[in-house]
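To start, the structure under review is shown below, and the notes come after it.
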Amino acid sequence: MTTVYSPSSAAKSTMEDSNHHRSKKSQRRRRPSATPTNGDYSDVEDAEDGDPEAWATLNKSFRQVQSVLDRNRAIIQQVNENQQSRMPDNMVKNVSLIQELNGNISKVASLYSDLNSDFTNICHQQQRSSHTRGK
């Protein structure tokens, strides 16, 4: 039996493995059942609900990253198809597609950097607000 390698099938398989792994991971995560010993439930409620504005910011950033990654997936698929066709016009098109891909990789790095800063700021704000409530 021969197995034919195709980049798109490999990518799909990897994505399916990743999604399967992610779903198993989320099944293992359980909410803590312990209640605070000092009777203060506000920290537990804040941890569960969080700051809606902060979540919206992080959600927006993740959506931007995912959008660029989805575009990259489509570009890679097109580049592979163009390469397999071996048509000169398609090979020329690959130059601009690969340039776009390269720019998108830089964009993803920048978005993740911004996301890291946002996340760090949110954590610091959360710590400051929990310290001021505790006093």
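The number of heavy atoms from other shown groups lying within 6.0 Å of CD (Gln127) is above 12. Counted within 6.0 Å of CD on Gln83, heavy atoms from surrounding residues, nucleotides or ligands total 12 or fewer; the atom is thus considered open.
Side-chain heavy atoms closer than 4.5 Å link hydrophobic residues (I, L, V, M, F, W, Y) into clusters, and following such links, possibly through other members, connects Ile105 to Val79.
A distance-only check finds no donor-acceptor pair linking the side chain of Ser110 to the backbone of Ser106 [under 3.5 Å]. Here the side chain of Asn102 pairs no donor or acceptor atom with the backbone of Ile98 at under 3.5 angstrom. In this structure, the side chain of Asn121 engages the main chain of Ser117 through a donor-acceptor pair within 3.5 Å.
Put simply, CZ on Phe119 and OH on Tyr112 are 13.5 Å apart, with the number rounded to the nearest 0.5 Å. Here the straight-line distance linking atom CD of Glu81 with atom CD of Gln77 works out to 5.0 Å at 0.5 Å rounding. In this structure, CZ on Arg128 lies 11.0 Å from SG on Cys123, to the nearest 0.5 angstrom. Rounding to the nearest 0.5 Å gives a distance of 12.0 Å between CG of Asn80 and CD1 of Ile75.
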Item to check | Lys93/Asn90 under side-chain contact (heavy atoms from CB on, under 4.5 Å): CA gap, chis, key distance, verdict | outcome: CA-CA 5 Å; Lys93 289 177 187 175; Asn90 287 345; 3.8 Å; yes
Next on the checklist: As a quick check of understanding, evaluate side-chain contact (heavy atoms from CB on, under 4.5 Å) for Lys107 and Gln64, giving each step before the final call.
Outcome noted: CA-CA 10 Å; Lys107 191 183 297 185; Gln64 288 175 322; over 6 Å; no
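A donor-acceptor contact closer than 3.5 angstrom links the side chains of Asn82 and Gln78. No side-chain donor-acceptor contact under 3.5 Å links Thr57 and Asp118.
Residues Asp51 and Ile122 form no side-chain contact, since every pair of their non-hydrogen atoms from C-beta on lies 4.5 Å or further apart. Contact annotation: the side chain of Leu97 approaches that of Asn94 to within less than 4.5 Å [non-hydrogen atoms, C-beta and beyond].
Scored by the salt bridge (Lys or Arg N to Asp or Glu O under 4.0 Å) test, Asp70 finds Arg73 as partners (sequence neighbours excluded).
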